Amino acid sequence: MSYIVAPLVVAALAAVLGAVIAVVDKIVNNYGDVTININGKKSLTVKGGDKLLSSLASQEIFIPSACGGRGSCGACKCRVVSDVGPHLPTEIPYMSKEEIQKNIRLACQIKLKADIDIEIPDELFNVKKIKSRVKSIRNVTHDIKEVVFDLQGETIDFKAGRYVQLVVPPYGKMKTSTQRAYSMSSKPSDNGVVELLIRLVPGGIATTWVHNFLKENDEVELIGPFGDFEKRETDATMVCVAGGSGMAPFKSILYDMYEKGDFDREVWYFFGARTVKDLFYLEELKTLDNKWENFHFVPALSEPDPDGGWNGETGLITDVLDRYIKTKMRADKDKEGYLCGSPGMIAACNNVMTGNGIPLEKIYYDKFA
Amino acid sequence: MVPDINPFVLFFASIFTSNILLANFLGMCSFISISKDMKSANGLGLAVTVVLALTSMLNWVVLKYVLVPLNLLYLRYIIFIIVIAATVQVLEMVIDRVSPALYMALGIFLPLITVNCAILGVALFMQIRNYNFIQTVLFATGSGLGWWLAILALAAIQKKLLKAPVPAGLKGPGITLITIGFMAMAFIGFSGMLSVQ
């Protein structure tokens with residue numbers, strides 16, 4: 001019988017220590033009910049002891065977070081008005097000096113111990129978690145799928161250019177659910193559906209799931225709208241540059257402008273691709289170009305097939321952009337840059353645009369790509 | 001058999017002549033990674049000292065009244081680690097509740113030192129060398145203070161090194177390890193003056 005003593009002792013010791021931890025957790029970690037006061041307008045009562053981010057999510061207020069509260073993305077920033085102690089070392093790497101002065105905090109690192117006053121963008125009240133159903137999946141190129149989600153009676157209110165978080169359930173070897181951000185390519189007026197353009201990234205968790213596992217009629221959770229990418233209300237010339245699935249926000253913005261009769265604004269849309277098979281929505285955008293005098297669509301191929309009959313622009317999108325700004329656009333008009341694509345493309349376009357006198361603060365893009 | 005060493009001798013020996021870090025090279029990972037600035041080094045040193053003193057007492061009790069009577073000495077690694085992990089967990093929750101200021105200074109380092117080998121090392125030394133309770137407490141506290149002293153010294157040297165012309169290939173961990181080597185040599189000068197076993 002002696003062999004049973006060892007497991008019993010280990011089990012008993014672990015049980016005792018576990019019980020001590022549970023008791024301490026119950027007594028010490030019990031902060032009672034706390035009130036979260038948001039923007040001085042809305043107050044919620046939740047159980048204390050949890051993190052601000054998860055407590056807000058349990059009350060259907062979703063602060064954008066790409067990592068799901070592990071403190072590794074720095075996205076869930078919000079301003080805390082009441083005193084919750086100094087910034088934690090886990091927050092500081094994500095904060096600028098001004099943000100620290102304004103007491104901007106990471107919602108996933110703030111533990112609710114007492115009543116708290118916070119400020120979040122009013123838009124976040126608008127954010128919903130929607131159970132949608134896949135209406136259609138269509139290949140628009142060899143590696144980009146256009147997926148339309150039916151919101152099943154719910155609606156989504158957003159400005160063209162916003163993004164949603166797609167909730168990817170556990171699949172294959174992935175044991176936990178993850179979220180990824182995608183810009184909506186559907187128009188705000190079609191508020192009963194959400195259309196996303198999703199390019200297959202080799203090894204990508206969400207893109208692999210969408211391309212290889214997702215079927216029509218599947219149920220998918222979407223959270224949104226998020227973001228601040230949008231058309232700015234000025235009369236400056238809009239210089240838009242996109243590559244690949246970066247098409248999405250511009251499709252939404254351009255069709256929204258056309259639908260609302262916003263024809264006076266000068267809009268240039270440069271779309272970069274490698275070969276003809278990477279181009280999509282070509283006919284639709286050319287039609288829009290013909291119908292709308294101030295809109296100019298410039299697709300460009302960096303590696304056109306020598307005998308493929310391509311008669312559009314060729315070369316790197318940055319070179320084409322540089323040439324057009326210098327030769328085709330009115331020099332006396334202010335310009336604004338709108339970018340969507342890979343971080344490398346955004347950096348390169350930033351250089352071309354600032355080199356041509358567009359100030360950095362008038363170049364807009366989403367940072368989640 | 002309990003060794004015949006005055007507990008206070010043990011206390012000073014564990015700080016200077018048999019420094020847990022510089023003579024036994026235990027607890028190196030957090031020593032190297034958190035020694036970039038004095039404030040964090042201070043917090044971590046305090047945390048190690050508190051946890052060492054607390055867990056070695058608990059482990060001594062478990063050793064004396066559970067493991068030895070039941071002849072389960074071979075389980076000591078697992079048992080010591082479980083006790084350390086649980087103690088750290090409870091300590092973190094209590095500090096978070098009682099003193100937010102102390103939590104800022106010390107609490108955030110606690111999860112880091114659950115797996116610090118200096119903590120387990122002291123528990124094992126206490127068993128191998130047959131210390132009694134008083135000896136264990138003073139040896140553990142002294143080891144913690146010695147670790148604290150060493151990390152403060154390293155943090156101070158690293159601050160000076162910022163302005164030193166370090167060859168490019170040795171920047172970062174390279175020069176840190178060389179620095180630690182020199183510090184260890186300096187501490188070895190004390191060795192043999194006091195006996196720990």
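A note on names: the letters A, B, ... follow the listed sequences, proteins ahead of strands, and every chain is numbered from 1. It should be emphasised that the depicted structure is a prediction, and the values quoted were computed from it without experimental measurement.
- At a threshold of 4.0 Å, the pair D50(A)-K111(A) does not count as salt-bridged, since none of the basic side-chain nitrogens sits closer than that to a carboxylate oxygen.
- Contact annotation for V66(B): only side-chain heavy atoms (C-beta onward) come within less than 4.5 Å of a heavy atom of chain A.
- Contact check on D122(A) versus K41(A) returns a salt bridge, with a Lys/Arg side-chain nitrogen under 4.0 Å from an Asp/Glu carboxylate oxygen.
- With a 4.5 angstrom heavy-atom cutoff, V83(B) touches chain A via backbone and side-chain atoms both.
- In this structure, F213(A) has its ring center closer than 6.0 angstrom to the ring center of Y171(A).
- Salt bridge annotation for E91(A)-R105(A): present, with a cationic side-chain nitrogen under 4.0 angstrom from a carboxylate oxygen.
- Using a 4.5 Å cut-off between heavy atoms, N71(B) does not touch chain A at all.
- Taking CG of N350(A) as the reference point, atom CD1 of I363(A) lies at 4.5 Å (rounded to 0.5 Å).
- Heavy-atom distances place both the backbone and the side chain of I82(B) under 4.5 Å from chain A.
- Looking at L13(A), only its side chain comes within 4.5 Å of chain B, counting heavy atoms on both sides.
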